[in-house]
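One structure is given here, and the rest of the page talks about it.
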Amino acid sequence: MIKNCYIHIPFCDKICSYCDFCKMYKIDDFIDTYLDSLEKEIKSIYKGEVLDTIYIGGGTPSSLSLKQLKRLFEILSIFNKSKTIEYTIENNFENIDRDKLELYREVGINRLSFGIETTNKNHLKLLERELDLDKVNNTIKICRELGFNNINVDLIYALPNETIKDLEDDLKYIYSLDVEHISTYSLIIEDHTKLGINNTKNISEDLDYEMYKYICSSMKSNNYKHYEISNFSKEGFYSKHNTCYWNNDCYYGFGIGASSYIDNMRITNTRSLNNYCGGKYVKEVEYLNDDDKMEYEVILNLRKSNGIDLDMFKSKYNKSLIDVYNYKDLIDLGVLVLDNNHLYIPEDKWYISNSIIVDVLERKIYG
Ligand code: SF4
């Protein structure tokens, strides 16, 4: 049963120099056509399940005008929502206002996500982003006045020429906002982005590690729980939607470039606006057998602080994880912990989680 849904709105007012997401400049004619196609795609695929999470991401959903947002929510009103739904929308401080926030309240949005990324003027310039701190403070104030009590902000670190002091300043400012959730991203410069084309270099791995460690300890001192490799929240405010990915649960993904996990298929939508608006939504389908699914189970669940629930694994696959991957020596080495029937990577080893996950997968028992 599918309980989660992602909606992609690819439009942005400006394109950031590091951006590797599926996005494009906002052009009003495109938006109307896109929303019509989105409606058709949803109507052709959604089976009426009651949803526990809806996440509207992008791009920048808040770059849509009030009228376009109204049309979007009219389309999304087709979804049956559980009483405890987590309904999130991503926003940019530069194009959000009270009218849009009021509309969000009316349609049942109860979680807001904002990109801050950095507060440092030089770093913002490099990222080709703008951020007016007065606007940020005022927007958060309006959100609270309107009753939003679940807000996320995104932080990017490991920026070229960034120092630990710069990172400290960013975190200090973010803590002053007293938001419920903070997502962090270490900047990875992809070749085809503007930064990549300009041959901008990543910072050293040692400094990246220092910054990660600094973030982890600083968040702890400020009462944010480190519940996933890059995500921190106040008690009870973990992202239910993103946790569905890490739990390897099924989800719908609608819109250009979106991905879905439905039954035994991981589906990736086209990134071509022409194809999408012409009704050719899907770019590729990966068909999964049980071995593939168990592999995803390990890769995704080990990102979380509570790791893999071994009872859940057994009930899903009718076999124990230890009979599929012989990971015992990794527990002896201290890179995995078995506690209360959960298998997880201890927090001080999260920085090398990718190699630990590979080690688990390499211990597959064949036959
Ligand atoms: S606002 Fe977000 S999606 Fe748009 S260009 Fe910048 S990083 Fe990419």
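In this text the structure is predicted, and so the values were computed from the model without any measurement. Whatever order the structure lists ligands and atoms in, that order sets their numbers, starting from 1.
Aromatic ring centroids of Tyr276 and Tyr281 lie under 6.0 Å apart. Note: Tyr214 and Tyr212 fail the aromatic proximity criterion, with ring centroids not under 6.0 Å apart.
Listed by number with element, the atoms of ligand 1 under 4.0 angstrom from any heavy atom of Gly59 are 3 (S). Contact atoms of ligand 1 toward Cys19: 3 (S), 5 (S), 7 (S), 8 (Fe) (distance under 4.0 Å to a heavy atom of the residue). Every atom of ligand 1 is numbered from 1 in the order shown, and the set under 4.0 Å from a heavy atom of Thr60 is 1 (S), 4 (Fe). Shown in contact with Lys14 at under 4.0 Å from a heavy atom are these atoms of ligand 1, numbered in order with element: 5 (S).
Residue Glu117 places no heavy atom under 4.0 Å from ligand 1.
Using a cutoff of 4.0 Å between basic side-chain nitrogens and carboxylate oxygens, Glu41 and Lys280 are not scored as salt-bridged.
Looking at Asn4 and His241, their side chains never bring a donor and an acceptor atom within 3.5 Å of each other.
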| task | Kindly determine whether Tyr173 and Tyr175 satisfy ring-ring contact (aromatic ring centres under 6.0 Å, His included), including the steps that lead there. | result | CA-CA 5 Å; Tyr173 177 71; Tyr175 297 143; over 10 Å; no

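When distances to atom 4 (Fe) of ligand 1 are checked against a cut-off of 2.8 Å, Cys12 contributes an N, O or S atom below that limit.
Protein heavy atom at the shortest distance from atom 5 (S) of ligand 1 is Cys16 N, 3.3 Å. Atom 7 (S) of ligand 1 has as its closest protein heavy atom Tyr18 OH, 3.4 Å.
Between Ile15 and Tyr25, some side-chain heavy-atom pair lies under the 4.5 Å cut-off.
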